[in-house]
Structures are given as C-alpha cells and as structure tokens.
Amino acid sequence: MKISDAYTIVTSPGRNFVTLKVVTDEGVYGIGDATLNGREMAVVAYLEEHVIPALIGRDPQRIEDIWHYLYRGAYWRRGPVTMSAIAAVDLALWDIKAKLAGMPLYQLLGGKSRERVMTYAHCTGKDIDACLEEVEAHVELGYRAVRVQAGVPGIPTIYGVAKREGERYEPADSDLPAEHVWSTEKYLNHVPKLFAAVRERFGDDLHVLHDVHHRLTPIEAARLGKAVEPYHLFWLEDCVPAENQEGFRLIRQHTTTPLAVGEVFNSIHDYRELLENQWIDYIRTPLAHGGGITHMRRLADLAGLYHVRTGFHGPTDLSPVCLGAAIHFDTWVPNFGIQEHMPHTEETDAVFPHDYRFEDGHFIVGEAPGHGVDIDEELAKKYPYKRASLPVNRLEDGTLWHW
Ligand SMILES: O=C(O)[C@H](O)[C@@H](O)[C@H](O)[C@H](O)CO
Ligand SMILES: [Mg+2]
C-alpha cells in the first residue's frame with residue numbers, strides 16, 4: 001500500500017479550519033486536523049511545500065517511521081507550526097490504520113478505560129451574575145464541570161467572554177490583531193468573588209475550572225492559587241507563561257490549587273521539568289498541536305508516572321477531526337482527567353460529519369473504523385478562508401502583555 005495523494009482543505013464555516021487528507025492507492029483515506037488559530041496558512045505552507053511531496057509513495061502503515069522522518073528529518077525541530085503539521089499527518093495515518101484494521105481508533109490504542117468521557121463547559125458572562133446564569137443552564141444540561149470566566153470591573157474586554165451578550169465567543173475576531181487592555185490588580189482583586197459566588201449558589205460538588213490565560217507572574221499566581229483554595233477548584237489553567245517551567249516551583253510552594261498547563265506547548269520536552277518535579281496536575285496540549293497520537297500517548301504515559309492527568313484543549317478553534325480523535329484517546333488513556341467542550345456550530349458539524357455524540361455532560365465515542373470524523377469537501381468549498389488574527393494585550397500603561 002502506498003500514499004498516492006495528500007492535500008490540504010482550508011474551509012471557514014464560521015471560523016477557519018485546515019484539514020489534511022491522505023489518500024492511499026487502495027482507496028482508503030485518512031484525515032487530520034492542521035488548524036492553528038491565527039496561523040493557519042503557515043501550517044498549510046509547511047504541509048504543501050515541505051511535507052506532502054515527501055509523503056507520496058510511502059507506506060501509510062509505517063506511522064512511527066514517518067513521524068520520525070518528519071520530526072528528526074525537519075532538522076528545525078518542534079514549534080507549533082511544525083508539530084501541527086506532523087500532527088495532521090499522524091492523525092490521518094492512525095485514521096487509515098484503524099480503518100484497515102476495521103476497528104474504532106480507541107480499540108487500536110488499547111481498548112476502553114471508561115464508557116464515556118467527562119467534559120467541561122465554558123460558562124462566561126459580562127459579570128458574575130451573568131456567569132452564574134450560564135452555570136445554571138449548563139448544570140441543567142448535565143455538565144459535571146464548568147469553566148467560569150467573567151468580566152472584571154474596569155477592564156473593557158476580557159479573555160473568554162464574548163463582546164456582545166448571546167454571541168459565540170471567538171477570539172480570532174479581526175483581520176489584524178485587536179488590541180485589548182489588561183489590569184492584573186483589578187483581575188486579582190475581583191476574580192475570587194466569582195468562585196465564592198459559584199460555590200455559594202451551586203455547592204461543593206460541581207467541578208469549577210478557570211483559565212488565567214498566561215497573564216500572571218509566578219508570585220501573583222501563587223497569591224491567586226492561595227486565595228481560591230477555599231473554593232477547591234478543579235484546576236487553575238495557564239496561570240503564568242510557561243516557557244519558564246521553574247516558575248511553577250514558586251507557585252507550587254504556596255498553594256494546593258491544582259494547575260493545568262500546556263495548550264500552547266507542542267512537545268514532551270516542554271513538560272519535562274514540570275512533570276519530574278510534580279509542579280502541575282493536568283496536561284493540556286491537544287492532539288492537533290502536539291504531534292498527534294504518536295507523540296501525545298508518550299506524553300500521557302510520562303505524565304501518568306507523576307500522577308498527572310490529561311485535560312485536552314478543545315475549543316472551537318480545533319476542528320471536529322481533532323475532537324473526534326481526542327474522544328478516542330480520552331476513552332482509552334488510563335490517566336484521563338477531563339475534556340474541554342466548546343460545541344462547534346451546526347455549519348461546522350455539517351462540514352465535518354462525525355459519529356461521536358454528546359449527552360449528559362459526557363462524550364460517547366463512536367464505533368466506526370478510524371477516528372469517526374470525515375469532511376464533506378463539496379460543502380467545505382462553500383466557506384472560503386478569510387484571515388482572522390488573535391488579539392494582542394496591553395497593560396494600562398501600554399506595555400505589550402500576554403494575551
Ligand atoms: O482554554 C482554552 O480553550 C483556550 O485558552 C482558548 O480559549 C484559546 O484562547 C484559544 O484556543 C486560542 O485560539
Ligand atoms: Mg486555555
């Protein structure tokens with residue numbers, strides 16, 4: 001069997017997605033998610049110019065060899081663009097292998113470790129009361145876990161909250177980056193009130209998560225982690241920019257609040273100190289940015305040695321292809337933690353037909369051979385690409401900060 005063709009499909013049903021389709025000379029094909037929000041066309045160029053030509057003629061069953069060909073062979077290793085391109089190929093090849101085996105991907109990985117996959121919903125609001133109403137609505141839908149984000153008095157636009165009430169939240173909302181303003185002090189003085197209000201109204205059993213989105217320094221994160229201990233969060237996410245893994249030592253010394261990190265990481269090497277020192281509790285890198293199944297299952301196994309669990313990134317800026325593969329991975333992985341769930345739009349789901357389903361706050365994996373997600377190429381053509389950039393963030397004095 002040989003790879004006879006491979007090509008990218010860029011489609012924008014409400015937002016941009018990049019899909020890689022890998023076709024074999026025996027007709028079986030696989031698809032992978034190559035979406036990197038705000039940098040989509042960099043991954044398309046990497047795939048079309050430097051990866052696809054080298055794939056044609058190779059045996060698609062040699063997943064491990066192709067992975068190393070693309071990783072070691074790149075010379076310029078790692079990084080979000082490279083690892084997203086490798087991930088797209090890897091997801092497509094695992095899709096092909098599972099189809100050839102006539103089994104759903106989770107079986108190929110090692111079978112079910114659970115019947116269904118717990119998810120967390122995004123509950124956001126312009127203020128605490130609006131956020132609580134969202135929590136109420138999602139608890140009624142059966143969610144056991146909610147991520148709460150609310151506006152902060154004195155900060156005009158805040159991460160995670162839609163600009164206008166009732167609108168879907170999509171951060172890549174302008175051709176060139178929008179400029180947001182941030183105040184750490186206003187945020188730190190306000191956000192503990194959000195968790196107090198959630199616990200007051202919904203009690204102790206609901207899992208409550210929060211995303212700080214890289215905006216604090218380690219000592220500020222230590223202050224926040226300590227301040228929210230009475231509300232026993234499920235996790236505090238991305239509390240500091242994590243290139244400096246050592247920064248987590250300081251946070252860990254001050255608080256028992258569990259820490260999640262890694263949606264902007266793309267390899268096992270980004271995590272080594274964090275895991276060996278047990279400075280974190282959940283790994284977030286999604287399959288589509290972390291080199292695919294081949295790499296991420298190694299990371300999950302390493303994390304498991306240190307009691308760390310998976311908590312895959314799963315916003316609407318990863319396509320149903322990544323989500324579908326993630327649900328198979330989540331169904332198998334022994335040290336599963338939780339799966340992020342931001343529902344895609346109906347037009348997105350129509351472009352990406354899939355057999356996973358959502359009920360009662362959980363995903364149920366499908367039984368179709370492969371990862372169970374396809375792409376309707378004719379329908380995809382209806383939605384042309386339009387550049388969309390993530391915002392930048394400035395402190396009140398104009399300093400360019402972390403968005
Ligand atoms: O926890 C999350 O889901 C993430 O932080 C997203 O909200 C990112 O901002 C987005 O994926 C960037 O494209
Ligand atoms: Mg996040």
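Just follow the structure's listing: the first ligand is 1, and inside any ligand the first atom is 1.
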Tell me the protein heavy atom at minimum distance from [atom], and give that distance in Å.
{"atom": "atom 13 (O) of ligand 1", "value": "Asn37 ND2, 2.8 Å"}
{"atom": "atom 7 (O) of ligand 1", "value": "Tyr159 OH, 2.6 Å"}
{"atom": "atom 4 (C) of ligand 1", "value": "Glu263 OE2, 3.0 Å"}

Is any side-chain N of the basic residue among Arg297 and Asp301 closer than 4.0 Å to the acidic one's carboxylate O?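 Salt bridge: no.
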Do Arg223 and Glu185 sit within salt-bridge range, that is, some charged N less than 4.0 Å from a carboxylate O?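 Glu185 and Arg223: salt-bridged.
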Hey, are [Y] and [X] close enough side-chain-wise for a donor-acceptor pair under 3.5 Å?
{"X": "Glu220", "Y": "Tyr187", "answer": "no"}
{"X": "Glu200", "Y": "Tyr231", "answer": "no"}
{"X": "Glu229", "Y": "Thr255", "answer": "yes"}

Please confirm whether His313 comes within less than 3.5 Å of ligand 1 when only nitrogen or oxygen atoms on both sides are compared.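 It does: an N or O of His313 is found under 3.5 Å from an N or O of ligand 1.
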Would you say Asp211 has any N or O atom under 3.5 Å from an N or O of ligand 1, going by distance alone?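 Such a contact does occur with ligand 1.
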Atoms of ligand 1 less than 4.0 Å from [X] heavy atoms?
{"X": "Pro315", "answer": "3 (O), 11 (O)"}
{"X": "Arg147", "answer": "1 (O), 2 (C), 3 (O)"}
{"X": "Glu237", "answer": "1 (O)"}

Which of the N/O/S atoms in Glu263 sits closest to the Mg ion (ligand 2)?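 Nearest N/O/S atom: OE1.
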Starting from the Mg ion (ligand 2), look over the N/O/S atoms of Glu237 and name the nearest one.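 Checking each N, O and S atom of Glu237, the shortest distance to the Mg ion (ligand 2) belongs to OE2.
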Cation over ring face, Arg62 and Tyr69, 6.0 Å, 45°: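 No, Arg62 does not lie over the aromatic ring of Tyr69.
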Check for me whether Arg15 meets the cation-pi criterion with Phe17, that is, NZ or CZ under 6.0 Å from the six-membered ring centre and within 45 degrees of the ring axis.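 Yes, a cation-pi geometry.
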Please tell me if the side chains of His344 and His354 come closer than 4.5 Å, counting only heavy atoms from C-beta onward.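 His344 does not reach His354 side chain to side chain.
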Do Trp235 and Tyr120 have side chains that get closer than 4.5 Å, going by heavy atoms?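 They are in side-chain contact.
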So which bit of His213 gets within less than 4.0 Å of ligand 1, heavy atoms only: side chain, backbone, both or neither?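 Side chain only; the backbone of His213 stays clear of ligand 1.
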For ligand 1, the portion of Trp403 having any non-hydrogen atom under 4.0 Å away: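 Side chain only.
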Heavy atom of Met342 under 4.0 Å from ligand 1?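 The answer is no, since Met342 has no heavy atom less than 4.0 Å from ligand 1.
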Among Leu209, Asp317, Leu318, closest by any non-hydrogen atom to atom 12 (C) of ligand 1: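 Comparing heavy atoms across Leu209, Asp317, Leu318, the nearest one to atom 12 (C) of ligand 1 lies in Asp317.
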Out of Val212, Leu216, Ile155, which one pairs with Thr184 under the side-chain contact (heavy atoms from CB on, under 4.5 Å) rule?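 Of the listed residues Val212, Leu216, Ile155, the side-chain contact (heavy atoms from CB on, under 4.5 Å) partner of Thr184 is Leu216.
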N/O/S from Asp211 sitting under 2.8 Å away from the Mg ion (ligand 2):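 Under 2.8 Å: Asp211 contacts the Mg ion (ligand 2) through an N, O or S atom.
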